[in-house]
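I have placed the structure first, in the form of structure tokens, so that the comments after it can refer back to it.
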Amino acid sequence: MASSRKPSDSYQKIWSTVEKIPKGKVATYGQVARMSRLPRQARLVGYALHNLPHGIDVPWQRVINSQGRISFPENSLAYIKQKELLETEGIVFVKGKVDLKKIGWKK
DNA sequence: AACATGACAGGTC
DNA sequence: CGACCTGCCATGT
């Protein structure tokens with residue numbers, strides 16, 4: 001595995017951006033990518049979060065896809081966990097998705 | 001170096 | 001709405 005080397009700077013930027021997402025709001029992968037100065041690299045955002053190291057405090061749950069949906073199968077534990085965390089922050093789900101027009105972070 | 005993969009987005013049909 | 005396709009690019013084998 002190539003884990004012998006440090007994480008890419010891109011990941012650092014992404015994590016940094018995610019940390020800035022206000023509580024009670026959510027951002028899409030594309031948004032985070034853009035805010036991290038990495039336009040069109042939404043996939044890297046997902047990759048970065050998946051590779052998220054333990055021990056650092058990052059509100060990964062506030063990052064969802066452009067449809068306002070959690071990018072996990074509904075039957076998965078990860079999905080339920082993320083939904084719980086978001087609801088705790090006051091985010092309301094309607095039919096399995098959130099209203100990006102209302103709780104979306106910025107434009 | 002080549003190929004396959006992925007917590008996506010945006011467009012088309 | 002859903003299914004499919006293309007673009008993007010870091011990672012791992």
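No experiment lies behind these values; they were computed from the predicted model shown. Below, read A as the first sequence line, B as the second, and so on, with proteins coming before strands; counting in each chain starts at 1.
- Remark: C1' of B:dC8 and CG of A:Leu44 are 10 Å apart, rounded to the nearest angstrom.
- Nearest heavy atoms, A:Gly24 versus A:Ile103: O-CB, 4.0 Å.
- Between the A:Arg69 side chain and the A:Gly96 main chain, a donor and an acceptor come within less than 3.5 Å of each other.
- Between the side chain of A:Arg40 and the base of B:dG10, no donor-acceptor pair under 3.5 Å is found.
- Side-chain N or O atoms of A:Thr17 include one that pairs as donor or acceptor with a backbone N or O of A:Lys13 at under 3.5 Å.
- Remark: C1' of B:dT5 and CG of A:Asn51 are 13 Å apart, rounded to the nearest angstrom.
- For A:Tyr29 against B:dA9, a side-chain-to-base donor-acceptor contact under 3.5 Å is absent.
- Going from atom CG of A:Asn65 over to atom P of B:dG10 covers 11 Å, rounded to whole Å.
- A close approach under 4.0 Å does occur between a side-chain nitrogen or oxygen of A:Ser66 and OP1 or OP2 of B:dA9.
- A:Glu89 and A:Gln61 are linked by a side-chain donor-acceptor pair at a separation below 3.5 angstrom, with hydrogens and angles left out of the test.
- Side-chain proximity of A:Ser71 to the nucleotides C:dG7, B:dA9, B:dA7 is greatest for B:dA7.
- We find the CD-CD distance between A:Gln82 and A:Glu87 to be 11.0 Å, quoted to the nearest 0.5 Å.
- Taking atom CG of residue A:Leu100 and atom C1' of nucleotide B:dA9, one finds them 13 Å apart after rounding to whole Å.
- The nearest whole Å value for the distance from the CZ atom in A:Arg43 to the C1' atom in C:dG7 is 9 Å.
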Tabulate protein N/O versus nucleotide N/O from nucleotides 1-5 of chain C, keeping only pairs under 3.5 Å, one per line.
unit_1: C:dC1; atom_1: OP1; unit_2: A:Lys97; atom_2: NZ; d: 3.3

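- What separates CG of A:Leu38 from P of B:dA7 is a distance of 18 Å, to the nearest Å.
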Test salt bridge (charged side-chain N to carboxylate O under 4.0 Å, His left out) applied to A:Glu74 and A:Lys83, step by step: CA-CA 10 Å; A:Glu74 292 186 14; A:Lys83 187 167 180 287; over 6 Å; no
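- Between the P atom of B:dC8 and the CH2 atom of A:Trp60 lies a distance of 14 Å, rounded to the nearest Å.
- Considering all non-hydrogen atoms of both residues, A:Tyr47 and A:Tyr11 come closest at CD2-OH, 2.8 Å.
- Here B:dG6 presents its P atom at 13 Å from CZ of A:Phe72, a figure rounded to the nearest Å.
- At C:dT11, one or more side-chain N or O atoms of A:Tyr11 fall inside 4.0 Å of OP1 or OP2 (strictly under the cut-off).
- Minimum atom distance to the side chain of A:His50 is reached by B:dA7, of the listed B:dA7, B:dC8, B:dG6.
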